[in-house]
Amino acid sequence: MENHREIDQKWQQYWAANNTYAAEDHSSKPKFYVLDMFPYPSGAGLHVGHPLGYIASDIYARYKRHKGFNVLHPMGYDSFGLPAEQYAIQTGQHPAITTEANITRYRQQLDRIGFSFDWNREVRTSDPKFYKWTQWIFIQLFHSWYDTEMDKARPIQELEAHFEALGTANLHAHCDEELSFSASEWQAKNESERSEILLNYRLAYRSESMVNWCPELGTVLANDEVKDGVSERGGFPVIQKKMMQWSMRISAYAERLLQGLNDIEWSEALKETQRNWIGKSKGASVQFAVDGHDANVEVFTTRPDTIFGVTFMVLAPEHDLVDVITTDEQRSEIDAYVEAAARKSERDRMTDTKTVSGAFTGAYVIHPFSGAKVPIWIGDYVLANYGTGAVMAVPGHDSRDHAFAKHFDLPIVQVVEGGNIEEEAVDAKEGKVMNSDFLNGLEVKDAIAKAISEIEAKGIGTGQTNYRLRDAIFGRQRYWGEPIPVYYENGIPKTLSEDQLPLTLPEVDKYLPTEDGEPPLARATNWHTADGHPLETTTMPGWAGSSWYFLRYMDAGNKEEFASSDKVNYWQNVDLYMGGSEHATGHLLYSRFWHKFLADRGFVNTQEPFQKLVNQGMIQGVSGYMYRVIKNAVLWTDSSSDDATLLNPSDFDIFIDRDAQKALINKEDWILERINKIFAEEISEQLQGGQTREEFKVISKPQDVRIFNSFFDDITDIVDTEKLEREELNNTGKRNYFISKGSEFYAQRIVEKMSKRWGNVVNPDDMVDQYGADVFRMYEMFLGPIEQSKPWDTKGITGVSNFLRKLTRLFENLNDDKPSADELKTLHKTIKKVNEDIENFSFNTSVSAFMICVNELTDAKCGKREILEPLTILLSPFAPHTAEELWVKLGHEPSVTQQSYPEHNEEFLVESSIEYPVQFNGKTRFNIAVAADLDRKGIEEAVLADERSAKWTEGKTIRKVIVVPGRIVNIVVG
RNA sequence: GCGGGCGUGGUGAAAUUGGUAGACACGCUAGACUUAGGAUCUAGUGCCGCAAGGUGUGAAGGUUCGAGUCCUUUCGCCCGCACCA
């Protein structure tokens with residue numbers, strides 16, 4: 001279509017003017033909620049990767065409308081976030097202004113692609129009208145506790161009533177620390193003491209706890225925001241620090257978050273990621289009495305069956321008992337070790353998992369069953385913040401304990417049959433137990449159960465389940481986020497009342513922490529309540545608003561409630577959620593947590609927020625790179641190391657140390673930074689291999705090379721060097737190898753993440769300009785399976801462009817002739833295929849089906865209305881503009897989306913089920929369609945009678961009849 | 001180490017319950033046409049071979065009349081978790 005620009009515009013204006021895609025809140029039609037993960041409006045705008053998921057979900061939403069559903073398909077912006085704040089710090093511009101500008105740009109870009117969003121319901125997390133309700137939910141969480149017996153959250157007043165009547169007796173509550181007091185003791189407590197106690201139970205609570213502190217960002221981070229010891233955003237080092245912090249008691253929901261995964265249709269990979277993150281492990285906690293002290297070492301173990309294999313105990317260096325039980329002789333050694341462990345950063349401790357280290361405390365525990373004296377060690381392979389911070393070491397059947405025992409020459413005892421435990425721990429959970437008194441001869445599985453019951457009978461422990469999932473740190477020392485609606489009266493945290501909401505962000509002179517390290521909000525002059533009580537200065541994390549925004553779409557304009565209950569009851573939850581898998585342990589877990597909480601408190605009536613979830617893959621960019629072979633290059637990251645001093649910088653073509661790298665980054669010279677980054681990876685790898693003077697490849701982009709050398713014009717093309725030899729390349733005339741000024745250069749293509757920085761971004765605007773929104777939409781779908789990551793290749797788009805042109809051409813000789821059986825068959829085949837493919841989210845194959853169909857119709861020179869009309873409807877989810885245009889061409893009113901989706905006709909498909917007969921061993925095999933209710937005899941008769949199959953059955957006997965589900969049978973004759 | 005996923009042409013990929021492997025598209029080759037285009041049309045294109053033919057879904061076995069698909073073993077890649085006891 002030559003004038004696609006006009007057509008796109010015409011129909012977009014029509015849809016907007018007619019509110020075509022507005023969802024109705026009440027309808028006799030069944031509801032269907034199709035949601036995309038709303039974007040963070042970054043300054044860079046959209047690239048072709050972003051709309052991938054939006055297009056898929058839009059196709060599905062349009063398809064569902066055709067199928068008679070009342071579809072809710074909204075869009076909004078996750079508009080609180082770091083980049084806008086960083087930009088504000090640099091320029092002094094208020095983040096709200098930056099954000100507004102970015103949103104405008106996003107909207108323009110989105111609009112051009114022809115989505116069927118209901119923009120009346122748009123939400124922005126940074127809008128006070130929205131975050132009023134984020135704050136309101138926080139307040140509900142603050143005023144709730146978790147009852148582990150009823151297994152739900154309850155109002156905090158009910159907990160207070162319980163304390164008032166019974167104290168902590170008969171209390172089943174999820175908390176930080178098990179407390180014990182009577183009703184009268186509670187009654188005697190003052191307000192401040194009561195507040196402290198209640199914080200131990202509240203679902204949103206403030207406590208002194210170890211947090212991930214990122215000095216560079218100046219804020220704390222949740223566990224999912226830290227990867228490999230550095231911040232996910234920016235890659236800055238993260239350290240552990242004890243701080244007063246707001247947290248969310250997500251750990252109370254660990255089991256329900258785990259169980260809930262069984263009821264939702266998510267990819268196995270994603271569910272597994274969440275299961276890993278929750279990290280359930282079943283076992284027992286066991287008390288070991290310390291010899292000569294009135295103290296117990298409590299351990300958690302998943303292998304109580306190996307309790308007779310315990311030959312030593314290991315405590316984390318930070319364990320409270322260490323100081324108490326260490327003997328005088330061992331004191332200096334232990335102190336030195338504890339101090340050394342404290343100095344190691346979390347990251348060092350994580351990366352260095354091979355070196356075995358530890359120290360003996362001099363103390364012993366008494367083995368509860370054998371009565372043996374078991375030495376207590378400390379070692380940094382035991383983590384303070386998991387389980388009890390102590391382990392019972394079973395070197396025979398745990399590889400870490402085994403390594404420890406070998407290193408310190410501690411005894412190893414075999415208690416499960418098989419293997420050679422002197423060489424290697426046997427940690428498989430199978431085999432028969434031995435050397436274990438009452439457990440002897442049992443299978444491991446049975447022995448675990450038996451051991452737990454004996455441990456419980458002896459009163460030294462209980463069967464227990466542990467979770468890796470930690471409570472989520474909620475406060476951020478940042479400006480651009482929701483203020484936490486809390487004030488302090490005599491140091492006691494209290495929530496604002498609902499009519500004081502929203503608590504809007506104050507104006508500040510700078511978006512940085514104060515000189516004495518207070519968060520930016522502390523800069524505000526009036527940051528207190530009307531009666532002078534100071535307000536909380538931390539803000540909520542990025543995931544606060546996104547944990548419930550999908551509910552706001554149901555009733556986006558509501559001023560009285562986050563959403564009215566009748567609308568929540570109608571829309572329930574999201575039927576289809578489309579988005580990236582990078583949110584597996586963040587957004588998708590927190591949303592489930594908040595949703596379950598809101599369900600507990602009766603605000604929503606579903607347990608899971610997202611029924612079905614599809615992860616779209618990432619669209620990568622293709623970058624061209626130059627390699628230069630450097631004779632000598634070296635890098636070290638630690639210039640104080642001995643190796644470094646042996647090297648003379650002037651011996652090397654390129655010489656980088658850590659300071660130089662930093663300097664380059666600070667200059668924001670992205671080219672050099674880029675080179676450095678690659679240098680760092682490649683060269684440090686070489687250094688680790690002990691090769692300090694090998695040749696290295698330096699990667700930079702072609703334009704970088706131009707800066708270093710002026711011979712770039714020599715390159716005629718960039719081809720893949722991996723596949724071809726130098727001579728071959730030079731013979732093809734496509735030179736990708738050449739020598740200039742004594743350096744050798746290579747060119748190569750690399751697939752990597754699409755990013756402005758690497759210069760491989762393709763802008764959807766350009767694609768829409770050139771080919772139109774419909775071609776762009778279909779091509780994105782045609783690229784490959786929706787869930788897969790794949791590189792963008794602009795060249796292939798012409799195929800789709802041709803398809804739409806061919807289709808339009810069919811309308812040139814539009815007529816009312818009766819279609820032939822072949823033409824009808826083509827149509828119904830396509831209808832069937834496209835229907836099935838959309839249901840299976842297999843959009844790439846449905847685009848193929850369209851192409852095949854049009855090819856066949858073009859061959860048949862078919863311009864028949866009876867064929868083209870349903871085809872137009874069939875196409876409309878994929879190519880809405882073209883479909884509308886063609887629909888009108890057929891003489892109809894606009895709005896093809898109002899039509900019901902075409903059903904295929906079996907009559908025209910049956911024939912296709914008779915396939916080619918296949919010959920083997922003198923027999924013939926073929927498929928044939930028969931009536932559904934026939935038995936074997938009936939089928940045989942039908943086959944013999946069928947003229948289509950007669951030519952294969954003539955003179956032969958039926959050997960085998962295989963009934964395939966449906967109406968197809970597989971016949972073997974011979 | 002544990003868990004999840006995946007291996008098919010030069011490329012992206014198809015292949016219903018096991019049934020003519022490579023549909024569709026890109027790219028490439030040749031030709032046609034033309035006011036030379038990022039246009040259109042025709043033919044060809046897994047590999048080996050002039051051909052007949054052979055061969056072919058990471059590898060090796062197995063089940064089956066028949067395996068890309070099911071089973072066993074193995075190799076390779078990607079993702080998640082990780083001194084988690």
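Lettering follows sequence order; numbering is per chain, from 1. This structure is a prediction, so every number in the text was calculated from the model and none was measured.
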Quiz prompt | Nucleotide nearest A/Thr302 (side chain, heavy atoms from C-beta), chosen from B/A85, B/A13, B/C41 | solution = B/A85

Quiz item: How far does the C1' atom of B/U42 sit from the matching atom of B/C33, given to the nearest Å?
Solution: 11 Å

Practice problem: Take atom P in B/A82 and the same atom in B/G22, then report the distance between them in whole Å. | Solution: 46 Å

Quiz item: Nearest of B/G4, B/A15, B/G12 to any side-chain atom of A/Glu268?
Solution: B/G4

Quiz item: If you look at every strand shown and take non-hydrogen atoms under 4.0 Å, does A/Asn855 touch a base, only sugar-phosphate, or nothing?
Solution: sugar-phosphate

Quiz item: Taking the P atom of each, how far is B/A13 from B/G18, in whole Å?
Solution: 25 Å

Exercise. Between B/C84, B/C24, B/A85, spot the one nearest the side chain of A/Val382, thanks.
Key: B/A85

Exercise. Using the C1' atoms only, state how far B/A67 lies from B/U72, rounded to an integer number of Å.
Key: 15 Å

Quiz item: Closest to the A/Ile852 side chain: B/C24, B/A15, B/A82?
Solution: B/C24

Quiz item: Can you tell me how far C1' in B/U8 sits from the matching atom in B/A15, rounded to whole Å?
Solution: 10 Å

Quiz item: When rounded to the nearest Å, what value does the distance between C1' atoms of B/A25 and B/G80 take?
Solution: 34 Å

Quiz item: How far, in whole Å, is B/U64 from B/U55 if one measures between their P atoms?
Solution: 23 Å

Quiz item: Are the aromatic rings of A/Tyr779 and A/Trp792 close, with centres under 6.0 Å apart?
Solution: yes

Quiz item: Does B/G9 adopt a syn or an anti glycosidic conformation, taking syn as a chi angle within 90° of 0?
Solution: syn

Quiz prompt | Closest listed nucleotide, where the reference is the side chain of A/Tyr386 and the choices are B/C41, B/C84, B/G38 | solution = B/C84

Self-check item: A/Thr273 side-chain proximity, nearest of B/C81, B/C26, B/G80
Solution: B/G80

Quiz item: Given B/C24, B/C83, B/A39, which nucleotide is nearest the side-chain atoms of A/Leu383?
Solution: B/C83

Quiz item: Distance between the P atoms of B/G68 and B/A59, in whole angstroms?
Solution: 11 Å

Practice problem: Determine, step by step, whether A/Phe404 and A/Phe312 satisfy the ring pair (Phe, Tyr, Trp, His ring centres under 6.0 Å) criterion, reporting the C-alpha distance in whole Å, the side-chain angles of both residues, the deciding distance to 0.1 Å, and the verdict. | Solution: CA-CA 10 Å; A/Phe404 197 86; A/Phe312 56 101; 5.5 Å; yes

Quiz item: For A/Gln788, which contact category applies under a 4.0 Å heavy-atom criterion: base, sugar-phosphate, or nothing?
Solution: sugar-phosphate

Self-check item: Nearest-Å distance for atom pair CG/P, residues A/Leu52 and B/G12
Solution: 17 Å

Quiz item: Which class fits the ring pair A/Phe288 and A/His367: parallel under 30°, tilted 30 to 60°, perpendicular over 60°?
Solution: perpendicular

Practice problem: Just call it for A/Asn802: base, sugar-phosphate, or nothing, with non-hydrogen atoms closer than 4.0 Å on any strand. | Solution: sugar-phosphate

Practice problem: Classify the nucleic acid contact of A/Pro791 as base, sugar-phosphate or nothing, counting any heavy atom under 4.0 Å across all strands shown. | Solution: nothing

Quiz item: A/Lys806 and A/Asn855: side-chain donor and acceptor closer than 3.5 Å?
Solution: yes

